[in-house]
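This report concerns only the one structure given below.
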Amino acid sequence: MTDFNRSVLPDAVRSNGATPNPWWANAVVYQIYPRSFQDTNGDGIGDLKGITSRLDYLADLGVDVLWLSPVYRSPQDDNGYDISDYQDIDPLFGTLEDMDELLAEAHRRGLKIVMDLVVNHTSDEHAWFQASRDKDDPHADWYWWRPARPGHEPGTPGAEPNRWGSYFGGSAWQYDPKRGEYYLHQFSRKQPDLNWENPEVRKAVYRMMNWWMDRGIDGFRMDVITLISKHLDSHGRLPGEVGSELSEGEIGEEGYTNASPFCSDGPRLDEFLAEMRREVFEGREGYMNVGEAPGITPERNEFITNPAHKELDMLFLFDHVGVDQEGSKWNTVPFEVRNLRARLADQQEAVRNAGWASLFFCNHDQPRVVSRWGDDSDRESRELSAKAFGMLLHMHRGTPYIYEGEELGMTNAHFTKLDQYRDLEAINAYRQRVEEARCQSPESMMAALALIGRDNSRTPMQWDASRYAGFTAADAATEPWIGVNPNHVEINAAEEFDDPDSVYGFYKKLIAMRHGNATVATGEWNLVAADSEQVYSFTRTGGDDTILVMVNLTGRTARVPAEVARLLGNGVSESQVLLSTYDAVHGVKSIARGELARWEGVVIQL
């Protein structure tokens with residue numbers, strides 16, 4: 001089901017506070033990681049023609065929007081999130097003509113295309129950055145350039161402008177001998193941060209965005225967009241710079257201070273986002289924009305996504321995907337249902353009156369949820385837990401995002417050696433924490449990478465049981481850019497496509513419910529049984545219609561919480577069970593016994 005026959009929400013139904021309701025209020029988004037989706041030319045890397053060749057699969061699944069991770073020209077230091085030319089396609093993925101064909105074919109099927117927008121930083125090979133290396137060039141102030149600390153030899157340890165660490169390991173400053181100064185890079189040294197304080201930078205970004213919108217795309221997913229405004233003192237100095245009025249905080253276990261508090265949700269963020277809305281989106285229809293939002297609280301999400309403020313349609317918040325981490329990302333702790341419930345409840349409550357939520361567990365930066373919080377140890381456990389987490393997510397209020405392969409129950413890669421990883425973050429983190437700072441053992445670091453490393457989501461899409469999972473030809477001369485998960489023989493689209501009881505079949509049902517049921521799409525959300533250690537339950541209410549969602553997020557039998565039992569009264573009939581991770585008969589019997597089987601979830605019409 002595409003937007004050709006997706007129900008239009010009537011104005012009597014409230015979504016994010018806008019009138020009329022936005023088209024995306026009951027839409028589902030599917031993220032594609034192009035280099036891992038479908039390879040058509042045998043070079044081991046997915047391409048645009050590959051995406052086009054799979055549009056019928058995506059239309060059958062029923063999604064409405066395809067979000068493409070970056071396909072722009074890039075040196076590929078961070079798999080395309082380091083862009084050297086915003087207005088060209090990298091030859092790895094094809095050509096601008098291939099992009100035009102993809103747009104046309106997607107639109108013909110009622111599918112919209114949202115492109116990744118990476119404008120907190122560029123590649124150091126971008127023409128803007130190369131020009132900025134000359135202090136006399138008009139681009140000289142387009143990036144965050146700073147001199148070495150007084151009394152230090154430029155380029156030597158300790159000469160950096162402050163002690164900020166990069167999210168990808170090491171210092172957040174890189175010395176450039178040509179300019180004789182340091183530039184700021186919150187991520188890779190090949191990803192210098194743009195200086196959004198400079199109005200010429202913003203104008204150039206908006207021109208580029210308009211160029212793509214005029215070409216026919218349907219919006220943007222904006223990478224780390226909440227990092228574009230930095231905290232500065234009254235003289236324009238960053239925290240920790242010599243003479244700055246702002247302290248940069250304490251040095252952490254890796255030997256650096258944390259830039260996040262000073263680069264996330266900065267003082268001019270609302271101004272910049274509102275300006276972007278005016279300059280790019282005002283007067284256009286049918287688009288959608290979503291911002292990746294590190295450092296943003298649920299309360300700030302409400303403000304930024306409130307249509308009255310004219311900033312962004314929705315944001316990706318990250319507090320809920322950090323519930324199994326403590327301190328460092330790489331210090332993992334056991335998953336607890338109550339922690340996930342508390343974080344998601346905060347997000348839902350914050351947009352009760354205005355604004356909107358993005359719903360996700362998986363993406364290109366997150367591991368596979370079925371391996372992270374579910375159970376992928378055998379087929380039955382994997383399918384049940386994949387369905388349980390799918391049900392939980394999609395029954396919340398907001399716009400659900402599916403990451404490629406999530407609808408199949410794809411698992412983590414289960415890599416055991418460092419040389420199997422391709423991700424810059426993972427490789428740098430191992431070197432930084434194990435070999436340099438020595439703050440983590442090799443064994444615990446490898447365990448953390450296997451659980452939450454980004455490459456877990458980047459193994460090739462599993463289309464069939466052939467040698468390379470159908471991602472590239474079985475007889476291709478070049479192997480895929482990253483190893484294919486060996487379990488593709490059992491877990492693949494060909495195996496699941498025509499099976500209504502498969503994870504794929506279950507996701508089709510979830511999407512159809514979002515499209516056809518206004519209560520699922522926009523109804524009020526209310527938590528039930530906030531103290532249960534195993535069961536996550538809530539109601540969705542629209543007018544006189546109420547739906548109960550109850551999911552056991554553990555591999556053990558769980559008692560139905562007393563608060564839920566009271567809502568159910570004398571039990572339920574099969575006709576009231578709208579969806580189950582088992583089946584309606586099983587759900588009715590479980591409720592009659594006052595318990596839920598392992599990974600059992602039910603959606604009940606009250």
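Between Pro442 and Tyr430, the shortest heavy-atom contact is CB-OH, 3.5 Å. Nearest heavy atom pair, residue Asn456 against residue Ala413, reads OD1-N, 3.0 Å. Here the shortest heavy-atom pairing between Gln440 and Ala448 reads NE2-CB, 4.3 Å. In terms of heavy-atom proximity, Arg454 sits nearest to Ser457 at O-OG, 3.0 Å.
Between the side chains of Thr226 and Asp265, no donor-acceptor pair is found at a separation under 3.5 Å. Under 3.5 Å, the side chains of Thr472 and Asp39 contain a donor-acceptor pair of N or O atoms. No hydrogens or angles considered: nothing links the side chains of Ser188 and Asp78 as a donor-acceptor pair under 3.5 Å. Using modelled atom types and a 3.5 Å distance limit, the side chains of Gln31 and Asn363 yield no donor-acceptor pair. Of the N and O atoms on the side chains of Trp356 and Asp313, not one donor lies less than 3.5 Å from an acceptor on the other residue. Counted by atom type alone, Tyr81 and Ser74 present zero donor-acceptor pairs between their side chains at under 3.5 Å. Side-chain polar atoms of Asn301 and Gln347 form no donor-acceptor pair below 3.5 angstrom. Counted by atom type alone, Arg189 and Gln174 present zero donor-acceptor pairs between their side chains at under 3.5 Å.
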Could you go through Arg207 and Asn210, starting from their C-alpha distance and side-chain angles, then the distance that decides it, and tell me whether this counts as side-chain hydrogen bond (donor to acceptor under 3.5 Å, both in side chains)? CA-CA 5 Å; Arg207 281 195 299 271; Asn210 275 304; over 6 Å; no

Stepwise side-chain hydrogen bond (donor to acceptor under 3.5 Å, both in side chains) test for Ser229 and Trp196: CA-CA 7 Å; Ser229 172; Trp196 274 68; over 6 Å; no

How far apart are the C-alpha atoms of Lys329 and Asp365, what are their side-chain angles, what is the distance that settles it, and do they pass the salt bridge (charged side-chain N to carboxylate O under 4.0 Å, His left out) test? CA-CA 12 Å; Lys329 169 179 178 175; Asp365 286 335; over 6 Å; no

Chi angles and distances behind the salt bridge (charged side-chain N to carboxylate O under 4.0 Å, His left out) call for Asp176, Arg133: CA-CA 8 Å; Asp176 179 55; Arg133 298 173 70 197; 2.9 Å; yes

Between His121 and Phe187, is a ring-ring contact (aromatic ring centres under 6.0 Å, His included) present by the stated rule, with each step listed? CA-CA 9 Å; His121 48 265; Phe187 298 92; 5.3 Å; yes

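Taking the charged nitrogens against the carboxylate oxygens, Lys49 and Asp98 do have a contact shorter than 4.0 Å, which makes a salt bridge. Asp375 and Arg382 are not joined by a salt bridge, as no carboxylate oxygen comes within less than 4.0 angstrom of a charged side-chain nitrogen. Between Glu383 and Lys387, none of the side-chain N atoms (NZ, or NE/NH1/NH2) sits under 4.0 Å from a carboxylate O, so this pair counts as no salt bridge.
Of the inter-residue distances, the one linking Gln38 atom CD with Arg54 atom CZ reads 4.0 Å to the nearest 0.5 angstrom. Annotation: the span from Asn41 atom CG to Phe93 atom CZ amounts to 11.0 Å, rounded to 0.5 Å. With rounding to the nearest 0.5 Å, the separation of CZ in Arg35 from CG in Asp43 is 9.5 Å. In this structure, CG on Asp64 lies 9.5 Å from NZ on Lys112, to the nearest 0.5 angstrom. For the atom pair OG1 (Thr95) and CD (Glu101), the distance works out to 8.5 Å, reported to the nearest 0.5 Å.
For an aromatic pair to be called close, the ring centres must be under 6.0 Å apart, and Trp211 with Tyr86 fails this. Under the 6.0 Å cut-off for aromatic ring centres, Phe37 and Trp463 qualify, their centroids lying closer than that. Phe129 has its ring centre less than 6.0 Å from the ring centre of Tyr183. Aromatic ring centroids of His185 and Phe168 lie 6.0 Å or more apart. Tyr403 has its ring centre no less than 6.0 Å from the ring centre of Phe360. Ring-centre distance between Phe316 and Trp67: below the 6.0 Å cut-off. Here the two rings, on Tyr182 and Trp144, have centers that are 6.0 Å apart or farther. Not less than 6.0 angstrom separates the ring centroid of His394 from the ring centroid of Phe389. A distance below 6.0 Å separates the ring centres of Tyr504 and Tyr57.
Using a 4.5 Å heavy-atom threshold, the side chains of Cys263 and Gln186 count as touching. Between Glu254 and Cys439, the closest side-chain pair of non-hydrogen atoms falls below 4.5 Å. Contact of the Val503 side chain with the Glu496 side chain is registered, since non-hydrogen atoms from C-beta on lie closer than 4.5 Å. For the pair Tyr256 and Ser171, the minimum side-chain heavy-atom distance is below 4.5 Å. Using a 4.5 Å heavy-atom cutoff, the side chains of Tyr30 and Val65 are not in contact. Taking 4.5 Å as the limit, some side-chain heavy atom of Asp223 sits within range of a side-chain heavy atom of Asp116. Annotation: side chain of Val205 is in contact with side chain of Met209 (closest heavy-atom distance under 4.5 Å). Residues Ser264 and Leu227 meet the side-chain proximity criterion, which asks for heavy atoms closer than 4.5 Å.
By the ring-ring contact (aromatic ring centres under 6.0 Å, His included) test, Trp173 is found to be paired with no residue, residues two or more places apart in sequence or in another chain being considered.
Residue pairs that meet the ring-ring contact (aromatic ring centres under 6.0 Å, His included) test with at least one member in residues 466-486, sequence neighbours left out, do not exist here.
Applying the side chain to side chain contact (heavy atoms under 4.5 Å, CB included) test between Ile51 and each of Leu102, Ile113, Val71, Thr40 identifies Leu102 as the sole match.
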